[in-house]
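Lettering follows sequence order; numbering is per chain, from 1.
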Amino acid sequence: MSQRKKLSILGLSMPASFLLVICFVFPLGYILVTTLAEDGPEYYIKFLTDPFYLKVLWRTVWISLVCTGVSLLFGYPTAYFLARTRSRMKNMLLIVTIFPFLVSAVVRAYGWQVILGKRGIVNQFLMAVGLVHKPLVILNTWMAVVIGMVHLLIPYMILSIAGVIQNIDPNVEYASYSLGCNKRETFWKVIFPLSAPGIISGCILVFTLSITSFVTPQLLGGAKFVMMSQLVDSQINTVFNLSFAAAISYILLFIILLFQFLANWSTKGIMNRVGGGGKRA
Amino acid sequence: MSYLEIDNLTKQFGATTAVDHFNLHVEQGEMVALLGGSGCGKTTILRMIAGFLEPTEGSIRINGRTMNEIPPYKRNVAIFFQNYALFPHLTVYNNIAYGLKQKKMPKAEIQKKVADFVHLVRLEGLEKRYPRELSGGQQQRVALARALVMEPSVLLLDEPLSNLDAKLRIEMQVEIRQLQKKLNVTTIIVTHDQEEAVSLADKILVMSEGHLLQEGDPREVFNYPASPFLADFMGFTNFIYGTLQEVKDGKYYISARKTGEMLVAGGNAPADLKTGDSVVAAIRPGNVAGVSGRQDDRKENIYTGRVSAVTYKGNISQVDILEAFDTPLHMHCADYTGPMDGGEVTVYLPPEKLLIYKA
Ligand SMILES: Nc1ncnc2c1ncn2[C@@H]1O[C@H](COP(=O)(O)OP(=O)(O)OP(=O)(O)O)[C@@H](O)[C@H]1O
Ligand SMILES: [Mg+2]
């Protein structure tokens, strides 16, 4: 990249960078410095040595991983369909995909409470068809949290992947067919690797949003199912220990950055090749 | 029985008929050029032969086997896409080896075959590059190697040379023709360019709006297009309208519309032409000759007009002449030294170069 191009990119990103520095980097740095100056690493040590807190951290991480995996599993086929359909309903389908964004997470969590509860639709149905004899306990377990969270976050996955698949030249698929690969083989050899950038960005988005989620675990996970954000909340609003809240937040931030780094690092090879869509006239 | 037989092939997209009862028989090892304007259905035909599109009607047979029900990955038809469609995530080597690996060919054999084709298309040293690290011409050659290495029963080339500069284009024409001959693969090449078609193919087909207009030997199609429309397509851009006065000794005497000038034409003409018929005579601009001074003792087909524009086109100049006939006359000269805009110019139209059609 030439010096000039670098400069112009810098220039274009100025407004956003400015906002980020003022509203994000500066307060973060301020909190880190003031809490460390006051209490030293005490609360970091406390968190990392107490099995209770470590358990919350572990739970938060695996729930987020499960949410990411489930979103990918269900989101990918939808994204592929959305990207490749020639139907005139395509725009309708896109709107339907984004529709959940119009309803707040709180409202949706309450909705799931009704659906998943002891006398909710799910249990009524399962009992009516005779699959179970007494209501299943779904609400206030990890399952309810995963269901609520996937519902909330799957559009991010779908849109990330659909955007990338849409830019894969359909002729590349046809070329693969004419070279002897059937649809399934073509998918694994061509479409899947070429959609890697969408999968990575979708996973990073969903993972980050899951690991920091608050409303959904609060309303669907019940009292025993505590995640990191809830810990931060209770330290601020019930225990009034701002330093500990800051330490927890920083540990969470570190985990997020670690996962992003791992995701980018492990897929560097493929991203270098297909990151730009692979088109060159 | 021909190797590739296409009968009554028809494709409808909703209300539009992209291909309309198209017939084509190609012999083993033959190279056929499919020529026609944009949107006339050339790509659609190739996509049906490759199996990506299902024909609305008609049949496709390769070596006696009906293809209609056979999926693309079992047809052994290789296609070269206009935009190359290389696999961006694979190296040159792996792009070329893609189909061989799918065939479960032993590794040593794959390596040898790929090396052979890399050599054939002159890509040595680039095997480890990714498509985005190649020039357009290099990508094109990878796409060609990827298709040819499969030893396909039929090779389909969709405008393989349209994005190249003039020099590389000529080189690649020669290369494609040599490869095709060497591998003796039955080939259909789509092109916009009539000269390319003539220089490459054993047989030419000209299409318009999904129909076949003319089919034949390249020379024949190039020199004797079957209709004024085809003549225009083949570069006969001068059309002179008139009435047939007399036929004598294989020569046709035509009085030109409006000017009444007598025009003698000797090219081929419809058999059922009668005196008094309205006709149109067509001639290539390159066959219009400038006449200077009185040194010429030819008496027929000498006309005088006014130069309206001289356009320099690289190796030739195009001179537009008005007032010789009621339609403008174009002349191509290697080095034009005559009068410029507004000046008077005298031209000669060789009778044997004038084709006659019913108007
Ligand atoms: N999937 C499709 N749906 C509807 N119409 C189509 C479709 N594909 C092609 N057509 C139409 O069929 C006609 C033939 O298209 P085709 O691509 O075969 O043209 P072509 O001869 O290859 O043109 P060009 O020289 O510009 O590539 C066009 O009118 C086009 O608009
Ligand atoms: Mg085309």
Could you work out, with salt bridge (Lys or Arg N to Asp or Glu O under 4.0 Å) as the rule, every residue matching A:Glu185, not counting sequence neighbours?
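Salt bridge (Lys or Arg N to Asp or Glu O under 4.0 Å) check on A:Glu185 returns nothing, list empty.
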
Considering residues, nucleotides and ligands other than [X], do more than 12 of their heavy atoms fall under 6.0 Å from its [atom1]?
X	atom1	result
B:Glu5	CD	yes
B:Glu69	CD	no
A:Trp62	CH2	yes
B:Lys103	NZ	yes
A:Phe101	CZ	yes
B:Phe13	CZ	yes
B:His192	NE2	yes

Between CD1 on residue A:Ile168 and CZ on residue B:Phe87, distance to nearest 0.5 Å
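Spacing of CD1 (A:Ile168) from CZ (B:Phe87) equals 12.0 Å.
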
Separation between OH of B:Tyr84 and CG of A:Asp169, rounded to the nearest 0.5 Å:
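Nearest 0.5 Å value for the OH-CG distance: 12.5 Å.
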
Chain A contact via B:Arg146 - which portion, at a heavy-atom distance below 4.5 Å
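Contact with chain A involves both backbone and side-chain atoms of B:Arg146.
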
If you check every heavy atom in residues 175-183 of chain A against those of chain B, which residues fall under 4.5 Å?
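Within residues 175-183 of chain A, near chain B: A:Ala175, A:Ser176, A:Tyr177, A:Ser178, A:Leu179, A:Gly180, A:Cys181, A:Asn182.
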
I need the minimum non-hydrogen distance between B:Leu86 and A:Val172, along with the two atoms involved.
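Where B:Leu86 meets A:Val172 most closely, the heavy atoms are O-CG2, 3.7 Å.
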
